[in-house]
Amino acid sequence: MKRVIIGLSGGVDSSVAAYLLKEQGYEVIGLFMKNWHDDSVTISNECPWLDDSNDAMLVAEKLGIPFQTVDLSEEYKERIVDYMFHEYEKGRTPNPDVLCNREIKFDVFMKIALELGADYVATGHYCRKGVIEKDGSKVYQLLAGVDGNKDQSYFLCQLSQEQLSKALFPIGELTKPEVREIATKLDLVTAEKKDSQGLCFIGKVKLPDFLQQQLKPKEGIIVEIPKEQDIYKEDRLLFDSEEEKLKHLSRKINYKVDYGKVVGKHQGAHYFTKGQRKGLSVGGTVEPLFVIDTDVEQNVIYTGQGKEHPGLYKKALFVANEELHWIREDLALQVDQTMQVKARIRYRQPLAKATLYKVDSGLYVEFEEFQSAITEGQFVAWYIENELIGSGVIS
């Protein structure tokens with residue numbers, strides 16, 4: 001009998017995943033990960049991880065599976081939280097959920113599970129795993145979940161073949177309503193529970209509050225750049241090579257204060273991210289202001305009016321070699337090779353047609369249509385059909 005250790009988060013998805021594994025004849029053990037200690041940053045006086053671990057325990061009891069809690073807060077602080085601050089200070093916007101899967105659930109947690117004699121680790125993600133034979137060896141596929149509304153393959157875009165080989169995603173074939181229905185039939189405490197928001201496993205922590213406690217406020221100016229600014233005017237440029245063109249399309253515009261006018265003040269450029277609209281508190285503009293860029297060195301936020309502002313749109317992005325990751329190593333591009341894919345630059349974004357171009361220093365992703373708020377530090381993931389084959393950090 002194969003042993004599976006499932007991360008029980010106290011939510012409905014992992015609860016039903018545990019039940020399905022048991023039905024499939026696995027020996028199932030539930031593990032709750034405690035990843036956070038600092039109670040000063042949870043909002044209000046509720047302590048979400050206590051409620052969650054309690055719910056997880058009740059579910060395990062109901063399903064008749066062993067249950068224990070593991071404390072991973074030290075690793076979490078080191079690998080996720082510190083990394084996030086480091087990125088924010090550089091003016092990039094990290095994605096904690098993608099990292100949490102790569103570094104915590106499918107690394108630290110997986111190692112603990114294997115030490116406990118597990119054959120597999122399971123999670124309540126809406127995605128599926130496929131296996132194909134290629135040149136006599138097994139190749140694992142990460143496939144989108146059946147529920148198009150809830151597909152979470154993006155969050156697993158940094159997994160390796162090794163990690164996938166040991167992973168199970170029991171609810172990937174189901175839709176959210178079907179999952180809730182199973183939980184209701186089983187009378188699980190989590191059946192009606194709302195989906196968790198907030199940082200992966202920290203619970204109800206608001207990111208800005210959390211950051212503000214750690215990154216010191218520093219007053220700076222907010223500059224509005226007009227749509228008509230000359231930097232956006234492009235005569236038909238001629239390029240000597242495809243790479244030169246892509247370099248141009250993916251470039252970061254260097255904004256200067258005198259390109260626009262000062263419209264307000266902020267408490268720190270590192271609190272803001274590209275495409276952000278809330279929290280600027282500048283009134284009196286015809287259309288709302290959006291952040292089009294932040295300069296953490298000079299502590300200036302550049303904004304533009306309206307979500308059609310040219311400063312928000314780009315057609316291409318670049319991923320450096322050291323931040324490039326292929327789930328399907330067998331499909332990895334060599335220098336000068338290209339590939340037609342569908343890609344997304346954030347979770348829940350519809351997949352968009354794009355072309356990958358491999359160059360010496362990394363990989364360009366060129367989209368067919370302009371993309372709004374391509375943000376440095378976030379992950380781009382690319383698919384062929386419904387299979388996620390690779391990803392990288394936008395540089």
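Quick note: residue numbers are just sequence positions, from 1.
For Val131 against Gln141, the heavy-atom pair with the smallest separation is N-OE1, 4.1 Å. Summarising the geometry of Ile65 relative to Ala18, their closest heavy-atom pair is CD1-CB, 4.3 Å, with the distance given to 0.1 Å.
No side-chain donor from either of Thr355 and Thr338 sits under 3.5 Å from a side-chain acceptor of the other. Side-chain atoms of Thr175 and Glu178 include a donor-acceptor pair closer than 3.5 Å. A donor atom on one side chain and an acceptor atom on the other are found under 3.5 Å apart for Gln371 and Gln349. Counted by atom type alone, Gln158 and Ser391 present one or more donor-acceptor pairs between their side chains at under 3.5 Å. Counted by atom type alone, Gln161 and Glu329 present zero donor-acceptor pairs between their side chains at under 3.5 Å.
Cation-pi geometry between Lys342 and Tyr383 is not satisfied (NZ or CZ under 6.0 Å from the ring centre, within 45° of the ring normal).
Annotation: side chain of Ile171 is in contact with side chain of Leu20 (closest heavy-atom distance under 4.5 Å). Residues Ile80 and Glu103 are in side-chain contact: their nearest non-hydrogen atoms beyond the backbone lie under 4.5 Å apart. Within the 4.5 Å cutoff, no side-chain heavy atoms of Val121 are placed close to those of Leu168. Contact check for Ile104 versus Met33: side-chain heavy atoms found under the 4.5 Å cut-off.
Ring geometry for Trp326 against Trp382 counts as perpendicular: the plane angle is over 60°, on a 0 to 90° scale with 30° as the lower cut. The aromatic rings of Phe67 and Phe32 sit tilted, their planes meeting at an angle between 30° and 60°. By the 30° and 60° cut-offs, the orientation of the rings of Tyr347 relative to Tyr154 is parallel.
Ile389 and Val319 fall within the same hydrophobic cluster, defined by Ile, Leu, Val, Met, Phe, Trp and Tyr side-chain heavy atoms under 4.5 Å apart, directly or through other members.
Taking the charged nitrogens against the carboxylate oxygens, Lys193 and Asp55 do have a contact shorter than 4.0 Å, which makes a salt bridge. Ion pair Arg79/Asp107 flagged as a salt bridge, since at least one NZ, NE, NH1 or NH2 atom sits closer than 4.0 Å to an Asp/Glu carboxylate oxygen. We find that Lys252 and Glu376 are joined by a salt bridge, their nearest charged nitrogen and carboxylate oxygen being less than 4.0 Å apart. Ion pair Lys247/Glu244 not flagged as a salt bridge, since none of the NZ, NE, NH1 or NH2 atoms sits closer than 4.0 Å to an Asp/Glu carboxylate oxygen. For the pair Lys62 and Asp187, the salt-bridge criterion is met [side-chain N within less than 4.0 Å of a carboxylate O].
Shown here are the ring pair (Phe, Tyr, Trp, His ring centres under 6.0 Å) partners of Tyr302, two or more places apart in sequence or in another chain: Tyr255.
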Under the criterion side-chain contact (heavy atoms from CB on, under 4.5 Å), I'd like the reasoning laid out for Arg128 against Asn386: C-alpha separation, chi angles, the key distance, then a yes or no. CA-CA 10 Å; Arg128 293 168 301 151; Asn386 62 355; 3.0 Å; yes
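With ring centers used as reference points, His248 lies under 6.0 Å from Phe239.
Across Asn149, Asp147, Asp13, Asp151, a single residue satisfies side-chain hydrogen bond (donor to acceptor under 3.5 Å, both in side chains) together with Tyr126, and that is Asp13.
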